[in-house]
Protein chains: 2
Amino acid sequence: MRASTESRRDRQRRELVAEIIAVACRQLDEGGPGNVSWRGVAREVGMNPASLYTYFASLDDLFTALITESFHALAGAVGQAFDDSAGAEPVDRLLACVRAYRAWAVAHPRRFNLIWTDQLPGYAAPPEGPTVTAEQAVYRPFLLAVGETEGRGDRLAEFAALPTGDQHRLLGLFGTLHGLVSLEINSHLAPGLVDGEALIVDRMTHALRHVHPPRDSSSAASPDQ
Amino acid sequence: MRASTESRRDRQRRELVAEIIAVACRQLDEGGPGNVSWRGVAREVGMNPASLYTYFASLDDLFTALITESFHALAGAVGQAFDDSAGAEPVDRLLACVRAYRAWAVAHPRRFNLIWTDQLPGYAAPPEGPTVTAEQAVYRPFLLAVGETEGRGDRLAEFAALPTGDQHRLLGLFGTLHGLVSLEINSHLAPGLVDGEALIVDRMTHALRHVHPPRDSSSAASPDQ
DNA sequence: ACCGTTCTCCGAACAGTGTTCGAACTTCGA
DNA sequence: TCGAAGTTCGAACACTGTTCGGAGAACGGT
């Protein structure tokens, strides 16, 4: 509608918010969450600490912005790998997403830890908030890729509507990827002894060969919990 | 040797160190790493903040103690499950360790995040330090239990000496467990929709059925990377 | 039992933090 | 043009981790 009627104040505000987030993001990458400080950000953008409160209500608010921003970046990296591998073998397409997930984590370990583990004292992500929708954007390419490997199209995209068995299979797959990446970027993979990328690709391809649901045999197993 | 010649100062020091760690541990459990403060601990044990420096060189030092302490607690919980299930079916024994690992994480999520993810600004665990040996104590019961399920005894206990294929299989197993537990305690498992314990036990039993090395069939597959 | 060394504890201080308040100043929409 | 809204700032408050110097107590050796 009135997209053209953006006052110079509105534009300046938008740019300043972006710069603040960028500065905070850099401080985060350099020294972790403990390194991003309100006064430090204000110093770097060249204004009084009190003025920052015009744009963010508190330090927790700034971190919330960093979290959603990082979720979007991760989702973008995985989504890009998914798009770029269109037409490839379904398994290779999923593996492309796997590599993209790991590559982003290796490149931005602080951001990765920030979005996946609770690090702030009293912080709790608001349900239906922007962080959860950004998080789901990360899962989406994986759901689509796995759906392709099983010839089920995008029938897995609506995770909440799936039967428990499918949910478990998908979460097991993603949990393996996430766990190994987590261990690697936090230096728990015997650095110098284990090759992270080789390990992750190896286990994910292995898991893909056995994760498919049983077609017809052994239907006597317990259907669910 | 001179174990009996413990001066009252030595005893008092030992007890005070234990109390300091206990207080800090409680503050950690209540509000995460950002909630444990030097002055807060001093306040709670009833002495001047400067006096604390008699027992710990810095806040990072205190956190190092918390990390090793938490590693020992986790290793103790898993080891206890391993010991208590002596004589049971090997698979059940491993599942007992799995449940113990998850149960401890659910009971102490802040400590779990503290030991597995880098959260302190400039902190780096000293190699050959007490934290890494405490960490290996966590892996040990799992290595022994998996060795049992494969009828290989404790031949997997010396992880670094294993061929790459075995290392990958073991890390894949532990990575799945660790990743799913991590997702659960950080509220990424669609709380109220997915049962964490059921999911983890389900995926670990599934993985155990397919993780064994190929005996004789399909030996034409690529042996290693 | 003494004495010198060592350890323990404390008050004060320094630099840094997140946040609030009130007052100036600028920009906006009508 | 005028009132309202938005922006910036300095000062202040209550914190934080850490250092320093001194006072007092407990220790080991003679």
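Remember, it's a predicted structure, so these values are computed and weren't measured experimentally. Just so it is clear: chains get the letters A, B, ... in the order the sequence lines come, proteins before strands, and each one is counted from 1.
- For R93(A) (side chain) and F82(A) (main-chain N/O), a donor-acceptor pair under 3.5 Å exists by modelled atom type.
- L52(A) places its CG atom 12 Å from the C1' atom of dT7(D), with the value rounded to the nearest Å.
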Problem - Where protein sits on nucleotides 20-30 of chain C, one letter per nucleotide: B base, S sugar-phosphate only, - none, heavy atoms under 4.0 Å - result: BB----BBS--

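- The side chain of R13(A) places no N or O atom within less than 4.0 Å of a non-bridging phosphate oxygen (OP1 or OP2) of dG6(D).
- Here the nucleotide nearest the side chain of T54(A), chosen from dT7(D), dC7(C), dG18(C), is dT7(D).
- Applying the side-chain hydrogen bond (donor to acceptor under 3.5 Å, both in side chains) test to S37(B) and every residue at least two apart in sequence or in another chain returns nothing.
- Whole-Å rounding puts the R11(B) CZ to dA25(D) P distance at 21 Å.
- Here the P atom of nucleotide dG17(D) and the CG atom of D61(B) are 14 Å apart, to the nearest Å.
- The distance between the ring centers of H178(B) and F112(B) falls below 6.0 angstrom.
- Here the side chain of S37(B) is nearest to one of dG18(C), dC9(C), dT16(D), namely dT16(D).
- Here the P atom of nucleotide dA23(D) and the CE atom of M47(B) are 21 Å apart, to the nearest Å.
- Regarding contacts with the backbone of dT17(C), a side-chain N or O of R43(A) is found under 4.0 angstrom from either OP1 or OP2.
- The nucleotide whose nearest atom lies closest to any side-chain atom of Y55(B) is, among dT18(D), dT19(C), dT8(C), dT8(C).
- In the model, D118(A) has no side-chain atom that pairs as donor or acceptor with a side-chain atom of N113(B) under 3.5 Å.
- In this structure, CD of Q27(B) is placed 15 Å from P of dC15(D), rounded to the nearest angstrom.
- The side chain of W38(A) has dT19(C) as its nearest neighbour among dC10(C), dT8(D), dT19(C).
- Atom CG of L62(B) is separated from atom P of dT18(D) by 10 Å (rounded to the nearest Å).
- Each of F56(B), F63(B), Y53(B) was compared with W38(B) under the ring-ring contact (aromatic ring centres under 6.0 Å, His included) criterion, and only Y53(B) meets it.
- Within the structure, every side-chain polar atom (N or O) of S51(A) is placed at least 4.0 Å from both OP1 and OP2 of dT7(D).
- Listed for the T176(B) side chain is a donor-acceptor partner under 3.5 Å among the backbone atoms of G172(B).
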